[in-house]
> 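Submitted below is the structure of interest, expressed as structure tokens.
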2 protein chains.
Amino acid sequence: MARQREFNVDKALDAAMQIFWEKGFEATSLSDLTSRMGIQRPSMYSAFGDKKELFEAALRKYTTSHSSNIRAKLQNRLSVKEGFRTFFEGIVADGYSDINNRGCFCINTMVELAPHDEKFEILTREHQMYLSAIFHEAIERGLQAGELKTDINAKALAQTLVVSLIGLTVMMKSRPERTFVDHSVEVILSLIK
Amino acid sequence: MARQREFNVDKALDAAMQIFWEKGFEATSLSDLTSRMGIQRPSMYSAFGDKKELFEAALRKYTTSHSSNIRAKLQNRLSVKEGFRTFFEGIVADGYSDINNRGCFCINTMVELAPHDEKFEILTREHQMYLSAIFHEAIERGLQAGELKTDINAKALAQTLVVSLIGLTVMMKSRPERTFVDHSVEVILSLIK
DNA sequence: GTTATAACATACCGATCGGTACAGTATTAT
DNA sequence: ATAATACTGTACCGATCGGTATGTTATAAC
């Protein structure tokens, strides 16, 4: 009954996600957004609401995709241990290769917005809980297959791995020497036995 | 030969540190700063330079104080293990009690500025290296006193504890359930044996 | 007391911020 | 064809941004 949208909403949201991920909420301006999304302001406002709503939509898109990526990475391995090793070593490799050093969008948001906005406190917490559940699941799989025989409670181990993942991801932002993070990864992985 | 300063530079810097710590670099305005520092803009500019130089001075003040606090906390204990336990449990307790949830100023800066400003990449990295050295020192003390007999390389263990500390501090920003972090702390501390 | 100097307070700068009013245009139901 | 509707582009809004010019005031050297 009216004119149809000329841009692809999902592609525009993806572009917004990229720039918010790279620069954070405050440092990203509406001009940054509209130029990268390839649309005008009124289009952005009508499709997504204000800047914060757009940010939230971008973060939700990120966490959804991030979760399923991690689940896939841990499931595609025959060995659970090997899955975790490849995953953690990938975090380090990505940290050195990404010029923009974006890290994890959710972790960035946890630091920038969670303390000042309850919505993002909840959203980021729930994502970490979800990652913990994915890790827990992988560990249980290893236990039932007889690959793992840890004396540590599986759930506690999963939670510790989430904490370690956060620490490693944030540490990469300062581009530490390789040995530092390589050693850390080895010690963290040694928990999984 | 000229008029003397009416404000205390160190107190003003401390006030700047508090607000940068709480709100970050971008979200803190010059009006926020001058009102909290109790001085006018030209005084701020003449004493500290521009906003970023003030931020850097505030961060340096923080890291210096932070390092010596941590060293003191780890040294004031008879047992090295107990020192680490008290320290990590304190991080959790502080995370729940601090209404503003400021976390660690250096970690916040690592996330917000290190990827876009080499000066802060270096500054934050060096602080983490320094913390690692403090941890390493404590571990060596435990080893030489016969309290610790870890099979893990002492330096690697220290580095892992820094990564864990970062992860825990950031995790607290999302105010997770107590069991989550309590379990994590237990597993982390179990590395120190 | 005079003069040089630097900190003080006010008031302002251009630029940019997030957000929107409005006019023009394309699409669909009638 | 016409009317209703919703998207597009331009141009603008007041507010605030980081930063500074300027005139006044206090101090120290002489």
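Please read these numbers as outputs of a predicted model, since none were measured by experiment. A note on names: the letters A, B, ... follow the listed sequences, proteins ahead of strands, and every chain is numbered from 1.
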> I want to confirm an ordering. Mapping B:Arg5 and B:Pro42 to their closest nucleotides on DNA chain C, which one lands closer to the 5' end?
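By nearest-heavy-atom nucleotide position, the 5'-most residue is B:Arg5.
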> Nearest-Å distance, CG (A:Asp50) to P (C:dC17)?
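Distance check: A:Asp50 CG to C:dC17 P gives 16 Å.
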> From C:dC17, D:dT8, C:dC8, pick the nucleotide closest to the side chain of A:Ser29?
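For A:Ser29, the side-chain atoms sit closest to C:dC17.
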> State whether the side chain of A:Glu147 and the backbone N or O of A:Val80 hold a donor-acceptor pair below 3.5 Å, judged by distance alone.
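Side chain of A:Glu147 to backbone of A:Val80: a pair is present.
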> So for atom NZ, which belongs to A:Lys61, do other residues, nucleotides or ligands contribute more than 12 heavy atoms lying within a distance under 6.0 Å?
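Above 12, so yes.
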> Could you check B:Glu6 against B:Thr28 and say which one's nearest nucleotide on DNA chain D is further toward the 5' end?
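Counting from the 5' end, the first nearest nucleotide belongs to B:Thr28.
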> Would you tell me if any nitrogen or oxygen in the side chain of A:Ser31 comes within less than 4.0 Å of OP1 or OP2 on C:dC17?
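Indeed, a polar side-chain atom of A:Ser31 lies that close.
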> I need the CZ-C1' distance between B:Phe7 and D:dA26, as an integer number of Å.
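Rounded to the whole Å, the gap is 15 Å.
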> Just by distance, no angles: are the side chains of B:Asp32 and B:Ser29 close enough, under 3.5 Å, to form a donor-acceptor pair?
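Side chains of B:Asp32 and B:Ser29: pair found under 3.5 Å.
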> Could you check whether B:Lys52 pairs with B:Glu56 (Lys NZ or Arg NE/NH1/NH2 to Asp/Glu carboxylate O, under 4.0 Å)?
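So B:Lys52 does not pair with B:Glu56 through a salt bridge.
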> Any chance CD of A:Glu118 has more than 12 other-residue heavy atoms, nucleotides or ligands included, within less than 6.0 Å?
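12 or below, so no.
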> Within this structure, what is the CG-to-C1' distance between A:Asp32 and D:dC17, rounded to whole angstrom?
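Answer to the nearest Å: 15 Å.
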> Is any side-chain N or O of B:Ser43 closer than 4.0 Å to OP1 or OP2 of C:dC8?
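For B:Ser43, the contact criterion (side-chain N or O under 4.0 Å from OP1 or OP2 of C:dC8) is met.
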> Under 3.5 Å, is there any donor-acceptor pair linking the side chain of B:Arg3 to the base of D:dT25?
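Counting by modelled atom types and ignoring angles, a donor-acceptor contact under 3.5 Å is found here.
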> Distance criterion of 3.5 Å, no angle test: do you see the side chain of A:Arg41 paired donor-to-acceptor with the base of C:dG18?
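Per atom types, the contact qualifies.
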> Roughly how many Å is it from OH in A:Tyr45 to P in D:dC12, rounded to a whole number?
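Between P of D:dC12 and OH of A:Tyr45: 19 Å.
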> Could you check whether B:Gln40 gets within reach of a base, just the sugar-phosphate, or nothing at all, counting any heavy atom under 4.0 Å?
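Here B:Gln40 touches the bases of the nucleic acid.
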> Side chain of B:Leu30 only, please: which of C:dG19, C:dC8, D:dG18 is the nearest?
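For B:Leu30, the side-chain atoms sit closest to D:dG18.
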> Starting from C1' on C:dG18, measure out to CG on A:Leu33 and report it in whole angstrom.
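Distance check: A:Leu33 CG to C:dG18 C1' gives 11 Å.
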> Would you please confirm or rule out a distance under 4.0 Å between OP1 or OP2 of C:dT28 and any side-chain N or O of A:Gln4?
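Yes, because at least one side-chain N or O of A:Gln4 sits under 4.0 Å from OP1 or OP2 of C:dT28.
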> Rounded to whole angstrom units, what separation is found between the CZ atom of A:Phe25 and the P atom of C:dC17?
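Interatomic distance, CZ of A:Phe25 to P of C:dC17: 13 Å.
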> Output the rounded distance in Å from CE (B:Met44) to P (D:dC17).
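The answer, rounded to whole Å, is 13 Å.
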> Base, sugar-phosphate alone, or nothing: which one does A:Thr34 contact when heavy atoms must sit under 4.0 Å apart?
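Nothing, no nucleic acid heavy atom in range.
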> Distance check needed: C:dG18 P versus A:Phe48 CZ, whole Å only.
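So the CZ-P distance, A:Phe48 to C:dG18, works out to 17 Å.
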